[in-house]
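First comes the structure, then the notes that go with it.
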2 protein chains.
Amino acid sequence: MSSCRIGEAAQHVGMSADTLRYYERIGLMRRALRDGGGRRAYTDAELERLRFIKRAQAMDFKLAEIRQLLELRDHPPSARVEARRLAHDKLAEVIERLRTLRHLRDELRLLLNLCLGAEQCPILELNPHPLKRVAPAIRKRQPAARHRHAAR
Amino acid sequence: MSSCRIGEAAQHVGMSADTLRYYERIGLMRRALRDGGGRRAYTDAELERLRFIKRAQAMDFKLAEIRQLLELRDHPPSARVEARRLAHDKLAEVIERLRTLRHLRDELRLLLNLCLGAEQCPILELNPHPLKRVAPAIRKRQPAARHRHAAR
DNA sequence: GCTTGACTTGGAGTCTACTCCAAGTCGGAA
DNA sequence: TTCCGACTTGGAGTAGACTCCAAGTCAAGC
């Protein structure tokens, strides 16, 4: 059972010390024990928990979702079913986003190709069909972070 | 040359009146003319500009990028080359993001399948290889909006 | 004339995930 | 002992894209 200070811990898991403090503040991590000088002493278990958080973020889970996953890890009994649901939901999101992006890719390619020949650059209209003043039927924007979550 | 007030304009283009005010405030739209009562009077050209903004957003362009596109529209001479570059850059982004998401989709599918048979739910480790304590080589998260852009 | 919905302005607030600041402590190295 | 990097805390700030607030005006309809 070793422990390390915040700077070292941060380095181990590839995050900033400030991020670790932030996670403690918002409750994603429990309050770390302090050493005699009042400094945080991270255990191996805590480093592992941080690594889990990092992996989850790499998989596009938001902190709120990660919080849920962490809670499931803390209460194994019914964890499996719920964890499956979270992963399933995330998969559905990803698949949907893939659809949207494929469509967007195709649209952009088309615009770029048309730009080569057209007299009017279609990119400046974002409309591949200059003669039809109809906006392209692009899927509504993926809802960005809520803040501008003008749910687009 | 007709004109309409902000509420009507907002409805026409599918945005909120507040968003239109915001766009004027940040300079994405020029200051609209005011009627005798001090209220904004949107021209058809301005409605069209707003529609362009909306189309660009649907194509994952950020407001800063949209600003650039709008400027190109205002100065046609060298617009084409620059517009091509912006669209090309966006296409590259989209393609890269598609790669990342495909990988993530596969990873999630694997985890969900493994979850069915494993004694330990691999989702709660976010690691398809329980015997190998190595984090999955997931691509670094797509940089979200800068704010949390914790470049993920 | 009165009512009321639409609108004005400047500025603050929201969301998410951090990051920075300021003032002070700790402790290892010189 | 002194120096200085690492660390503490509470709180404010950042980014991007909105959205809400408060106090007041406008004008159509009754």
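If you're wondering where the values come from, they're calculated on a predicted model, not measured in any experiment. Lettering of chains follows the sequences in order, A, B, ..., and the numbering in each one begins at 1.
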Q | Rounded distance [0.5 Å steps], CG in A:L98 versus OG1 in B:T100 | A | 10.0 Å
Q.
Applying side-chain contact (heavy atoms from CB on, under 4.5 Å), can you list everything that pairs with B:R30, at least two apart in sequence or on another chain?
A. B:R49, B:D74
**Q.** B:L101 and its side-chain contact (heavy atoms from CB on, under 4.5 Å) partner, picked from B:R97, B:R99, B:R105, B:H103
**A.** B:R97
Side chains of residues 5-16 of chain B: which donor-acceptor pairs under 3.5 Å do they make with residues two or more places apart or in other chains?
from, atom 1, to, atom 2, distance (Å)
B:S16, OG, B:T19, N, 3.0
B:S16, OG, B:T19, OG1, 2.7

Q: Please report the shortest heavy-atom distance between A:I123 and B:F52, naming the atom on each side.
A: O-CE1, 4.1 Å
Rounded interatomic separation in angstrom, taking [atom1] from [X] and [atom2] from [N]:
X: A:L28; N: C:dA17; atom1: CG; atom2: P; answer: 10 Å
X: B:L63; N: D:dT19; atom1: CG; atom2: P; answer: 11 Å
X: A:F61; N: C:dT16; atom1: CZ; atom2: P; answer: 17 Å
X: A:K54; N: C:dA17; atom1: NZ; atom2: P; answer: 14 Å
X: A:I26; N: C:dT16; atom1: CD1; atom2: P; answer: 11 Å
X: A:L20; N: D:dA6; atom1: CG; atom2: C1'; answer: 14 Å
X: A:I66; N: C:dT16; atom1: CD1; atom2: P; answer: 13 Å

With a cut-off of less than 4.0 Å, is there a side-chain N or O of [X] near OP1 or OP2 of [N]?
X: B:S16; N: D:dC18; value: no
X: A:Y23; N: C:dC18; value: yes
X: B:T19; N: D:dT19; value: yes

Q) Once each nucleotide of nucleotides 4-12 of chain C is scored for protein heavy atoms under 4.0 Å, what B/S/- sequence comes out, 5' to 3'? A) ---SBB-BB
Q. When you look at CG of A:L33, are more than 12 heavy atoms from neighbouring residues, nucleotides or ligands closer to it than 6.0 Å?
A. no
